[in-house]
**Q** 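Okay, here's the structure, questions in a sec.
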Amino acid sequence: MCSCIVTRVSATLAPAPSPSPARPAPHRRTRLLALPEMRWALAATVAFLLALVSDVAGMPVWVHGILYAVAYLAGGWEPALEGLRALRGKTLDVDLLMIVAALGAAAIGQVLDGALLIVIFATSGALEALATARTADSVRGLLDLAPATATRLTSGGGEETVPTDALAVGDVLLVRPGERIGADGTVLDGLSEADQASITGEPLPVVKRPGDEVFAGTLNGTGALRVRVDRDPADSVIARIVTLVEEASRTKAPTQLFIEKIEQRYAVGVVAATLAVFGVPLALGEALTDALLRAMTFMIVASPCAVVLATMPPLLSAIANAGRHGVLVKSAVAMERLGETDTAALDKTGTLTEGAPEVTAVTPRPDSGLDADALLALAAAAEHPSEHPLARAIVAAARAQGLPVATADDFTATPGRGVSALVDGHRVTVGRDESGRASQGGTVVLVTRDETPVGTLTLTDRLRPDAPATTAALTALTGTAPVLLTGDHAGAAARVADATGLTDVRAGLLPEDKAKAVRDLQRAGRTLFVGDGVNDAPALAAAHSGIAMGRAGSDLALETADAVVVRDELTAVPAVVRLSRAARRLVVQNLVIAGAFITGLVLWDLIGHLPLPLGVAGHEGSTVLVGLNGLRLLRRSAWRQGAA
């Protein structure tokens, strides 16, 4: 517990879409005070602060004495009980050692020191429990993307509403406009578009025709589809994402086990040494009071409080500084791991790009009689009544150019084909030109007037302005260029790679493919993955460290990642990595300082006679020194140096 103080800040984000129109997603977020660890830690902290104030104010001893006792009981009973249970299992952890040290401090009159130790451990345990609960909430909440029921067609041509978990391979579903698809399957009949950004990361709805694959939880557009179920609901892409996140999270356990082994050895060593310091002089004829005082002094000066504080202030200061600049790092452990990065992998849509289309090319046909502005204005007039993302981008481009947008009449929209409208007496249609999509790395739409092609518009996902600088900075930090991992098609991926200087590009990846790619990279080094969507969650969990883009990131990505870039400033990614490396350097400095103090005080107590006040002063002095050294990272200049 003492080595894993977790901080968590929740950002208020736009709610995710409901699983189905009739069934809004339930609230699955664990409340702070719903956790008993949080309630006990709060009680211990309040009692400690009140005791400290009353002590400094010179109030009667019994007042702050009772308050200190409340702090000891509220914050210490649970780790003491867990420590005793561990002791019954023939293991000894640092938590129990700290409780004994706190009681030992109280026994020799250092009540304040002991209470402070209790509060530190109670708070760290509560925050760790909260982080664990919130992650579990987000994984369970992912299942709400899939609808609870689906419309299944019967053999007699009728319809029946059934729970999605009762579907079987071979069932045929009717998916009406605006509904979420109930299972992974293949389109048998119908024409529509599906918003499957939650699965593949593609920023635009994808046309679905007979023979195309669809995924559970994705949102159907304006057309009706008949879908054959190809996978059992328990084996859907969404279900596999949940499984991958859980499995990848468990792979981090060996690191925690290693820490626990170190704590176990240290705890056993200190207890054994304390007993020896008490028993040997007593056996040699030293007075009981003197032997006990020497042993308690040894317990105080040998306690790992200074070591714990040597580690935490630099990391927590770095967390606070990053938070001021829009990067929420979830724990001290996460902050430390960010600095270990030697390979970076980046998602495309919503990470290197903004996840919104923009018009990047207007190409009128030579024989159309139109220039680029006239072609754009004509397309914008036809698209103006539409709510499609491409339509909004075309209209926005025309308005940005200050072009007049004429009023359209007799507007119709055909799923998968485009729109048609009367503009100034001419029948204008705007629809996808599939032949130009892959070659130009974007979506190409064809504009016709009175059934005659007059030009094309190319729309691409807008690249973030700071993407090239970010990839260059990550290359400088790690020594190798980042890897681009995306579910989008190869043409769009190549366009982004060319703009950002990336050479290792892997496109068309499903969530499980991204996670596998990250695991492959992990074999060569510690990988940092940056993403934003539900489809990125398995890769974020599998990576050594994960950073999520927070402005439009999915709840699961935000919960799975180790850090969140709240304002979507991509240059904050290399900046927080540099800040983490600075924190890790200070941790090493502080551990050297703390180790030197502990070693010196312990040797003094063993070889000579260390007065208790001097031992406490040395112990607390080392704590203050390493704390102040760690707080250096609170300065704004520390972030500027990281961002430089």
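Side-chain atoms are counted along with the backbone in the values below, which use heavy atoms only and exclude waters and symmetry mates.
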**Q** Given V496 and V505, is the side chain to side chain contact (heavy atoms under 4.5 Å, CB included) satisfied, shown in steps?
**A** CA-CA 10 Å; V496 171; V505 180; over 6 Å; no
**Q** On a heavy-atom basis, which atom in V576 and which in V329 lie closest, and how many Å separate them?
**A** CG2-CG2, 4.0 Å
**Q** Determine yes or no for a side-chain-to-main-chain donor-acceptor pair under 3.5 angstrom, with K348 supplying the side chain and L485 the backbone.
**A** no
**Q** Would you give the length of the straight line joining atom OG1 of T429 to atom CG of D450, rounded to the nearest 0.5 angstrom?
**A** 9.5 Å
**Q** If you define the side chain from C-beta out and look only at heavy atoms, does anything of V444 sit under 4.5 Å from T458?
**A** yes
**Q** State, yes or no, whether a side-chain contact exists between E354 and D568 at a heavy-atom distance under 4.5 Å.
**A** no
**Q** Is it the case that the side chain of D171 and the backbone of V229 share a donor-acceptor pair, with hydrogens and angles ignored and the cut-off at 3.5 Å?
**A** no
**Q** Taking all atoms of both residues into account, what is the closest heavy-atom pair of E159 and T154, and its distance?
**A** N-OG1, 4.4 Å
**Q** V518 and A542: which non-hydrogen atoms are nearest, and at how many Å?
**A** CG1-C, 4.0 Å
**Q** For residues A183 and L167, report the shortest heavy-atom separation together with the two atoms involved.
**A** CB-CD1, 4.0 Å
**Q** Between side-chain atoms of residues 371-389 and protein atoms elsewhere (two or more places apart, or another chain), which donor-acceptor pairs fall under 3.5 Å?
**A**
| unit_1 | atom_1 | unit_2 | atom_2 | d |
| --- | --- | --- | --- | --- |
| D371 | OD1 | D373 | N | 3.4 |
| D371 | OD1 | A374 | N | 2.8 |
| H384 | NE2 | R399 | NH2 | 3.0 |
| S386 | OG | H388 | N | 3.1 |
| H388 | ND1 | L390 | N | 3.0 |
| H388 | NE2 | E193 | OE1 | 3.1 |

**Q** Hey, what do you get for OG1 (T503) to CG (D498), rounding to the nearest 0.5 Å?
**A** 10.5 Å
**Q** Is atom CG of D504 surrounded by more than 12 heavy atoms (other residues, nucleotides or ligands) closer than 6.0 Å?
**A** yes
**Q** Restricting to non-hydrogen atoms, name the atom on G190 and the atom on L225 that form the minimum distance, rounded to 0.1 Å.
**A** C-CD2, 3.7 Å
**Q** For A216, does its backbone N or O pair with a side-chain atom of D184 as donor and acceptor, under 3.5 Å?
**A** yes
**Q** Please step through side chain to side chain contact (heavy atoms under 4.5 Å, CB included) for the pair L191 and R417, ending with a clear verdict.
**A** CA-CA 9 Å; L191 180 65; R417 295 182 181 176; 3.9 Å; yes
**Q** Looking at CG of D513 and CG of N535, how far apart are the two atoms once the value is rounded to the nearest 0.5 Å?
**A** 11.0 Å
**Q** Report yes if some heavy atom in the side chain of W639 is under 4.5 Å from a heavy atom in the side chain of V327; otherwise report no.
**A** yes
**Q** Counting N and O atoms only, with roles assigned by atom type, does the side chain of R432 sit under 3.5 Å from a partner on the main chain of T443, one being a donor and the other an acceptor?
**A** no
**Q** Shortest non-hydrogen contact from V445 to I394?
**A** CG2-CD1, 4.3 Å
**Q** Would you please name every residue forming a side chain to side chain donor-acceptor pair (under 3.5 Å) with E160, sequence neighbours left out?
**A** R152
**Q** Counting distance only, does the side-chain N/O of R449 pair as donor-acceptor with the main-chain N or O of S368 below 3.5 Å?
**A** yes
**Q** Would the distance check show the side chain of T343 and the main-chain N or O of T527 forming a donor-acceptor pair, the cut-off being under 3.5 Å?
**A** no
**Q** Does some side-chain heavy atom of V214 sit less than 4.5 Å from a side-chain heavy atom of V187?
**A** yes
**Q** Does P482 reach the side chain of T475, with side-chain heavy atoms less than 4.5 Å apart?
**A** yes
**Q** Counting only N and O atoms by type, is there a donor-acceptor contact under 3.5 Å from the side chain of N220 to the main-chain atoms of R176?
**A** yes
**Q** How long is the straight-line distance from NZ of K514 back to OG1 of T486, given to the nearest 0.5 Å?
**A** 5.5 Å
**Q** Output yes when R495 and D461 qualify as a salt bridge under the 4.0 Å nitrogen-oxygen rule, no when they do not.
**A** no
**Q** Can you confirm whether L463 sits close enough to T500 that some side-chain heavy atom of one is under 4.5 Å from a side-chain heavy atom of the other?
**A** yes
**Q** Distance from D562 atom CG to I547 atom CD1, nearest 0.5 Å?
**A** 8.5 Å
**Q** Would you say the side chain of T218 lies within less than 4.5 Å of the side chain of V206, judging by non-hydrogen atoms?
**A** no
**Q** Do the side chain of R180 and the main chain of G217 share a donor and acceptor less than 3.5 angstrom apart?
**A** yes
**Q** For G350, does its backbone N or O pair with a side-chain atom of T353 as donor and acceptor, under 3.5 Å?
**A** yes
**Q** Can you tell me how far OG1 of T149 sits from CD of E179, rounded to the nearest 0.5 angstrom?
**A** 8.0 Å
**Q** Quick one: does M549's side chain get under 4.5 Å of V530's, heavy atoms only?
**A** yes
**Q** Main chain of G491, side chain of H489: is a donor-acceptor contact present, judged purely on distance under 3.5 Å?
**A** yes
**Q** Do we see a donor-acceptor contact under 3.5 Å between the side chains of S420 and R427?
**A** yes
